[in-house]
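Data block below; observations after.
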Amino acid sequence: MKKLIALMMALVLVFAFAGCAKTEEAPVAEESAPVEEAPVEEVADVKGEGVMTYAEYAAADLDAEVVIEAYVQGKQSWWDNKATVYTQDQDGAYFLYEMACSEEDYAKLEVGTKIKVTGFKAEWAGEVEIVDATFEILEGSYVAEPMDATDLLGKDELIDHQNKLVSFKGLTVEAVEYKNGEPGDDIYVTLSKDGASYEFCVEVYLTGTETEVYTTVGTLAAGDVVDVEGFLYWYEGVNPHITSIAVAQ
């Protein structure tokens, strides 16, 4: 009997101890503070020593020697070791006419390629360009987004953006004409906006004849409404060279 009582008392003590013990839960990991990403900063287009800013280039006299750094945006042609190229930086654009260039180097001038150019500022029929130029390829890349210049059509400020990649929206086709009367050469396109007409061009050396833009422009009819992109070339007035076109449905 005594053994039974002792056993019962021992069991009571065991349960009492279990009831008083602290139940510890597994520690909860603290949430890490969110990591703030460093803001993405646009890299400034720092010019090399002796290189003009676009403002300095624009202010330079015709026939003056100019030194610029810019990025290839379009290649128009190569022949006889001479390249004609559209270039641009964050501030303005430069048309390089028949720049000294080997065929091997011409292949390296992909869109976005940074180059340093030394030449002379010139003008032909209103088009400001750099002639008798040489160049070297630099590190760096920049591809311009087309600037919407629709609202500048017919305004004096449009020429300030000469040679840039631009877009025009909601233009109406008035006439389409092949140079020499048949496919295979430039296409002259008359487009209108708000009652005024403007001459555009599909430059065959720039686009080729097998491209979508060349084919599409060749099928346009008077009254079609189009959005276009191209380089803001000048010939006796604004004469954009079309590189892309979309016809409104």
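The first residue of the sequence shown is numbered 1, and numbering continues consecutively from there.
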Quiz item: Run the side-chain contact (heavy atoms from CB on, under 4.5 Å) check on Thr190 and Glu199 step by step: do they pass?
Solution: CA-CA 5 Å; Thr190 305; Glu199 298 303 320; 3.0 Å; yes

Self-check item: Cluster link Tyr57 to Leu165, ILVMFWY, side chain under 4.5 Å
Solution: no

Self-check item: Student check: side-chain heavy atoms of Val66 and Val117 closer than 4.5 Å
Solution: no

Quiz prompt | Verify same cluster id: Tyr188, Val204 (apolar side-chain graph, 4.5 Å) | solution = no

Practice problem: Identify the heavy atoms of Ala60 and Lys121 that sit nearest to each other, and give their distance. | Solution: O-NZ, 2.8 Å

Practice problem: Kindly give the heavy-atom pair with the smallest separation between Tyr106 and Ala83, and that separation in Å. | Solution: CD1-CB, 3.6 Å

Exercise. Determine whether more than 12 heavy atoms belonging to other residues, nucleotides or ligands lie under 6.0 Å from atom NZ of Lys47.
Key: yes

Quiz item: With the 4.5 Å side-chain cut-off for hydrophobic clustering, are Val67 and Val131 part of the same group?
Solution: no

Practice problem: Check whether more than 12 heavy atoms from other residues, nucleotides or ligands sit under 6.0 Å from atom OH of Tyr97, and answer yes or no. | Solution: no

Quiz item: Just how far is it from atom OG of Ser167 to atom CD1 of Ile245, taken to the nearest 0.5 Å?
Solution: 12.5 Å

Practice problem: Taking the side chain as every heavy atom from C-beta outward, state whether Val202 and Asp186 have any atom pair closer than 4.5 Å. | Solution: no

Exercise. Test Tyr94 against every option in Thr87, Asp89, Asn163 by the side chain to side chain donor-acceptor pair (under 3.5 Å) rule and name the one that passes.
Key: Asp89

Quiz prompt | Donor-acceptor contact below 3.5 Å, side chain Glu229 vs main chain Pro146 | solution = no

Quiz item: Where do Gln162 and Glu127 come nearest, in terms of heavy atoms and distance?
Solution: OE1-OE1, 3.2 Å

Quiz item: Does the pair Phe168 and Tyr198 meet the rule for a ring pair (Phe, Tyr, Trp, His ring centres under 6.0 Å), with working shown?
Solution: CA-CA 11 Å; Phe168 299 98; Tyr198 306 93; 8.0 Å; no

Quiz prompt | Partner of Tyr233 by side chain to side chain contact (heavy atoms under 4.5 Å, CB included), out of Gln76, His241, Glu203 | solution = His241

Self-check item: Value rounded to 0.5 Å, distance of OG1 in Thr134 from CD1 in Ile115
Solution: 10.0 Å

Just distance, no hydrogens or angles: give the donor-acceptor pairs under 3.5 Å from side chains in residues 177-185, sequence neighbours left out.
{"residue": "Asn180", "atom": "ND2", "partner": "Asp185", "partner atom": "OD2", "Å": "3.0"}

Quiz item: Would you call the rings of Tyr235 and Trp124 parallel, tilted or perpendicular if under 30° counts as parallel and over 60° as perpendicular?
Solution: tilted

Exercise. Kindly indicate, with the supporting measurements, whether the criterion side-chain contact (heavy atoms from CB on, under 4.5 Å) is fulfilled by Tyr205 and Thr84.
Key: CA-CA 10 Å; Tyr205 290 135; Thr84 297; over 6 Å; no

Self-check item: Separation between CG of Leu62 and CD of Glu129, rounded to the nearest 0.5 Å
Solution: 10.0 Å

Quiz item: Around atom CD of Glu236, are there more than 12 heavy atoms of other residues, nucleotides or ligands at under 6.0 Å?
Solution: yes

Quiz item: Which atom names give the shortest non-hydrogen contact between Met99 and Leu96, and what distance separates them?
Solution: SD-CD1, 3.8 Å

Quiz item: Which heavy atom of Ala70 sits nearest a heavy atom of Ile68, and at what distance?
Solution: CB-CD1, 3.9 Å

Practice problem: Would you kindly confirm whether Phe231 and Val238 end up in one hydrophobic cluster when ILVMFWY residues are joined by side chain heavy atoms under 4.5 Å apart? | Solution: no

Self-check item: Side-chain touch Trp79/Glu98, heavy atoms, less than 4.5 angstrom
Solution: yes

Quiz item: Taking side chain as C-beta onward, heavy atoms only, is Leu109 less than 4.5 Å from Cys101?
Solution: yes

Practice problem: Count the heavy atoms belonging to other residues, nucleotides or ligands that lie under 6.0 Å from CD of Glu56, then report whether that count exceeds 12. | Solution: yes

Quiz item: Quick one: CG on Leu220 to OG1 on Thr172, what's the gap to the nearest 0.5 Å?
Solution: 11.5 Å

Self-check item: Donor-acceptor contact below 3.5 Å, side chain Asp80 vs main chain Lys82
Solution: no

Exercise. On the 0 to 90° scale, with breaks at 30° and 60°, tag the Tyr142-Tyr71 ring pair as parallel, tilted or perpendicular.
Key: perpendicular

Exercise. Would you check, one step at a time, whether the test side-chain contact (heavy atoms from CB on, under 4.5 Å) holds for Thr243 with Val213?
Key: CA-CA 6 Å; Thr243 58; Val213 62; 5.8 Å; no

Quiz item: Do the side chain of Asn239 and the main chain of Trp234 share a donor and acceptor less than 3.5 angstrom apart?
Solution: no

Self-check item: N/O donor-acceptor pair under 3.5 Å between Thr150 side chain and Lys169 backbone
Solution: yes

Quiz item: In Å and rounded to the nearest 0.5 Å, what is the CG to OG distance from Leu171 to Ser192?
Solution: 7.5 Å

Quiz prompt | Stepwise side-chain contact (heavy atoms from CB on, under 4.5 Å) test for Thr219 and Val176 | solution = CA-CA 9 Å; Thr219 63; Val176 177; over 6 Å; no

Quiz item: In terms of heavy-atom contacts, does CG of Asp160 have more than 12 from other residues, nucleotides or ligands at under 6.0 Å?
Solution: yes

Quiz item: Do the side chains of Ile130 and Phe135 join up, straight or via other hydrophobic residues, at under 4.5 Å, putting them in one cluster?
Solution: yes

Quiz item: For the residue pair Val46 and Lys114, what are the closest heavy atoms and their distance?
Solution: O-NZ, 4.0 Å

Practice problem: Can you measure from OG1 (Thr113) to CD (Gln73) and round to the nearest 0.5 angstrom? | Solution: 9.5 Å

